[in-house]
Amino acid sequence: PSYYTLKTELEQTHFFVQEPKPRYVRIRDDGYIVEYTCNEFSEMLANYPSFSIGKPFKTPFYDILHHDPTKRTYQSLGYYPNASKCPPLIYNTYRPPIASTYEEGKEPSDLKPIMDHITLLTNELHLPEKERVGARFLIQFMAQIIQKPDVLPGVCIVMYGEEGAGKDFLWKWFGEVLGQHLYTMCGSVTNLFKQFNAKIEGKLLCHLTEIDLKKTSKYEEDIKRIIDAKRYEIEKKGKDTLKDMSNFLRLVVTTNNRDSLRISITDRRMVIFEASSAKINDVTYYDTLDHIVTGK
């Protein structure tokens, strides 16, 4: 094969990035990206053939590619859930939710049990459908993440109730709808604000589980800020802090403890639900829900 043939094939999944440091990037089959220093990329291409292009002697493939002004190049990497806002010289690392691949009317599972479970979690089983405003709000909250991922709703869902009510199930299911590249579950609020919080980088939804007042009290203001902040910082272990990151993260809290968060009577960010305990001992009910997620 010629140099140009190999270059064309390589650039289907690889490209050069200029800032903040020159490097090469590979797009994996699953959509994640892998970054290489120039030296690492040179070693990776060491087995590629050498070519004589405009010179009497052969030059290694990498050396030709690296100095080729026509190689696939981006100024930098960016994260733009609204692709129309991504500048032309920026590579958009955002990957849409799994749900965006579903064909209308051909969802992979029956959604009625999910809708019924939402009604259970908002404790509205006793209400006529048109009066189930809590269930409608949760459905709209989830739909907004899929339809307008770049627009923060400015609220945090807080859901408490007895152990076994199925609070975590809903968000684990919705995590599968989003995809693990956009959803994360954290057992501690410190994952949001302390060192090495890369777990939330690029996520649209963070599910906080079983937090308690002792752990959250000193982070009260931080929690309020991240709910509607336009930016936040990510710190990766062994790497520089990435400052001024755009924030598209929604928070959901599920807990057995009524007093996990200190919330004032005038708070406008927290939307609180007390889950019904009506199905706690209904094994068939939860087996049906589990089948929807696992397929087993």
Side-chain angles (χ1 to χ4, degrees), residues 31 79-86 92-125 127-161 165-186 200 202-209 226-230 246-254 268-276 288-295:
Y79 188 83
Y80 294 86
N82 185 340
S84 66
K85 294 182 179 180
C86 182
N92 190 3
T93 60
Y94 172 77
R95 292 186 297 132
I98 299 296
S100 65
T101 65
Y102 298 165
E103 292 183 41
E104 187 172 353
K106 296 182 179 180
E107 291 79 8
S109 61
D110 179 10
L111 295 181
K112 186 179 184 306
I114 300 293
M115 298 302 175
D116 292 343
H117 190 57
I118 291 174
T119 305
L120 180 80
L121 294 177
T122 58
N123 207 355
E124 295 176 323
L125 289 171
L127 296 176
E129 187 172 346
K130 65 180 181 180
E131 295 180 23
R132 294 173 179 175
V133 294
R136 198 154 55 244
F137 181 88
L138 277 187
I139 292 168
Q140 290 172 348
F141 177 84
M142 291 186 281
Q144 195 263 358
I145 300 178
I146 302 291
Q147 296 169 8
K148 297 183 179 180
D150 62 317
V151 180
L152 282 180
V155 296
C156 168
I157 303 295
V158 181
M159 188 174 288
Y160 72 92
K167 303 180 297 296
D168 289 342
F169 169 82
L170 174 65
W171 303 108
K172 289 178 181 177
W173 167 81
F174 189 60
E176 296 296 322
V177 173
L178 287 175
Q180 295 305 306
H181 59 295
L182 297 176
Y183 166 84
T184 187
M185 178 185 286
C186 297
I200 64 172
K203 300 296 190 281
L204 295 183
L205 181 64
C206 178
H207 175 192
L208 291 168
T209 63
I226 203 168
I227 290 171
D228 53 15
K230 292 185 178 180
S246 294
N247 178 29
F248 304 107
L249 186 70
R250 285 82 164 169
L251 295 183
V252 167
V253 178
T254 57
R268 58 183 174 79
R269 297 180 178 90
M270 305 297 180
V271 181
I272 307 166
F273 297 96
E274 181 177 8
S276 169
T288 300
L289 291 178
D290 186 63
H291 175 72
I292 292 173
V293 173
T294 64

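Heavy-atom basis, side chains included; hydrogens, waters and symmetry copies ignored. Please read all numbers here as calculations on a predicted model, not as lab measurements.
For A135 against T119, the heavy-atom pair with the smallest separation is CB-OG1, 4.1 Å. Residues E129 and R136 share a closest heavy-atom pair of O-NH1, 3.9 Å. Across every non-hydrogen atom of P96 and L182, the tightest pair is C-CD1, 4.0 Å. Listed here is the closest heavy atom pair of E124 and V133: OE2-N, 3.4 Å. Residue I146 comes nearest to A99 through the heavy atom pair CD1-CB, 4.0 Å, listed as atom of the first residue, atom of the second, then distance. Nearest heavy-atom pair across P81 and Y79 is CD-O, 3.7 Å.
In this pair, F141 and F137 present their aromatic rings parallel. The plane angle is below 30°, not in the 30 to 60° band. Ring geometry for H117 versus F169: interplanar angle over 60°, hence perpendicular rather than tilted (30 to 60°).
Without hydrogens or angle criteria, N247 side chain to A229 main chain gives a donor-acceptor distance under 3.5 Å. Between the side chain of R250 and the main chain of P149, a donor-acceptor pair closer than 3.5 Å is present. The main-chain N or O of F174 is never found under 3.5 Å from a side-chain atom of Y183 such that the two would form a donor-acceptor pair. Using a distance-only test at 3.5 Å, with no hydrogens or angles considered, no donor-acceptor pair links the side chain of D168 to the main chain of T254. Put simply, the side chain of R269 never gets that close to the backbone of C156: no donor and acceptor are under 3.5 Å apart.
Of the inter-residue distances, the one linking L204 atom CG with L152 atom CG reads 9.5 Å to the nearest 0.5 angstrom. The CG atom of L121 lies 11.0 Å from the CG atom of D116; values are rounded to the nearest 0.5 Å. Between the SG atom of C186 and the CG atom of L251 there is a distance of 9.0 Å, given to the nearest 0.5 Å. Here M142 contributes atom CE and Q147 contributes atom CD; the two are 12.0 Å apart, rounded to the nearest 0.5 Å. To the nearest 0.5 Å, atoms CG (N123) and CE (M159) are separated by 11.0 Å. The CG atom of L138 sits 13.0 Å away from the CZ atom of R132 when rounded to the nearest 0.5 Å.
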Does the side-chain contact (heavy atoms from CB on, under 4.5 Å) test come out yes or no for I98 and Q180, once each step is laid out?
-> CA-CA 9 Å; I98 299 296; Q180 295 305 306; over 6 Å; no
Could you walk me through whether L205 and W171 pass the side-chain contact (heavy atoms from CB on, under 4.5 Å) test, one step at a time?
-> CA-CA 9 Å; L205 181 64; W171 303 108; 4.1 Å; yes
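Two residues are said to be in side-chain contact when any heavy atoms from C-beta on lie closer than 4.5 Å; C86 and Y94 fail this criterion. Here the side chains of D150 and Y80 are not in contact, with every heavy-atom distance at 4.5 Å or above.
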